[in-house]
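Notes follow once the structure below has been shown.
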Amino acid sequence: DAKTTQPPSMDCAEGRAANLPCNHSTISGNEYVYWYRQIHSQGPQYIIHGLKNNETNEMASLIITEDRKSSTLILPHATLRDTAVYYCIVRVVGELIFGQGTELSVKP
Amino acid sequence: GAVVSQHPSWVICKSGTSVKIECRSLDFQATTMFWYRQFPKQSLMLMATSNEGSKATYEQGVEKDKFLINHASLTLSTLTVTSAHPEDSSFYICSASQGGGMGYGYTFGSGTRLTVV
């Protein structure tokens, strides 16, 4: 599976949009981009995934660049409960390999 | 949505004893389950892949005789930490897939905090 690069930490003001970037420059054509988050001392929670097109669900939006070498997870209106470590993972099938992720702190 | 139940959520055991952690898929059948370990301030590390009815596949550096995995049914996988030592203290997390090929995500359990004293 391709590796991903994420900033180690980010801050966001409550109520504002949180934009979390991810670089995956060596992604292959059939690899999906997945986003999970982990709130302290809990198991990871699925957020969203996509292949080529932008995706949106009730939690977030996923914007994938046309060349698929990077993506951005958007939390449209961040709340304090969105404070967590966010992981960007690329894979085809098989196990999920976690990188270091981005620690997002939402501040009042 | 898919739910994975992990039990116990925390356990304290004495050094030298064994501890069993259960991972159940409640509303779907999971052909494959995965076991992770997470130390404080670190990311999740994959320990092994568990396939129903066959032997688990362990990642490099993970002792298969110490971390026994059993996946006897499509809804249950267990991880037994044998002869536990303080360095085995960690957060253990399982995950399961509904299958269906590419594009399907995985559901994670809530984790088990193991403390060996």
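Because only heavy atoms are used, hydrogens play no part in the values below, and waters and symmetry mates are left out as well, while side chains stay in. Letters A, B, ... mirror the listed sequences (proteins, then strands); counts begin at 1.
The shortest heavy-atom contact between B:Tyr106 and A:Arg91 is OH-NH2, 3.1 Å. Here the shortest heavy-atom pairing between A:Gly43 and B:Ile93 reads CA-CG2, 4.3 Å. The shortest non-hydrogen separation linking A:Phe98 to B:Leu44 is CB-O, 3.8 Å. Scanning all heavy atoms of the two residues, the minimum distance from A:Pro44 to B:Phe108 falls at O-CB, 3.3 Å. Among all heavy-atom pairs drawn from A:Gln42 and B:Phe91, the shortest one is O-CE2, 3.7 Å.
With a 4.5 Å cut-off on non-hydrogen atoms, B:Leu46 touches chain A through its side chain but not through its backbone. Interface residue B:Gln38: only side-chain heavy atoms are found under 4.5 Å from chain A.
Tracing side-chain contacts under 4.5 Å through hydrophobic residues (I, L, V, M, F, W, Y), one reaches A:Leu20 starting from A:Val90; they form part of the same cluster. Hydrophobic clustering of Ile, Leu, Val, Met, Phe, Trp and Tyr side chains at less than 4.5 Å, counting indirect connections, unites A:Ile47 with A:Leu80. Linking ILVMFWY residues whenever their side-chain heavy atoms come closer than 4.5 Å, directly or via other members, places B:Val62 and B:Leu114 in the same cluster. If you chain together hydrophobic residues whose side chains sit under 4.5 Å apart, B:Val19 and B:Met47 fall into the same group. Connection of B:Ile21 to B:Phe34 is not established within any shared hydrophobic cluster, with ILVMFWY side chains joined at heavy-atom distances below 4.5 Å, either directly or through further cluster members.
The CD1 atom of A:Ile39 lies 12.5 Å from the OG atom of B:Ser110; values are rounded to the nearest 0.5 Å.
Within a 6.0 Å sphere centred on NZ of B:Lys55, other residues, nucleotides and ligands contribute 12 heavy atoms or fewer. Shown here is A:Glu103, whose CD atom has no more than 12 heavy atoms of other residues, nucleotides or ligands within 6.0 Å.
Aromatic rings from A:Tyr36 and B:Tyr36 are positioned such that their centres are separated by 6.0 Å or more.
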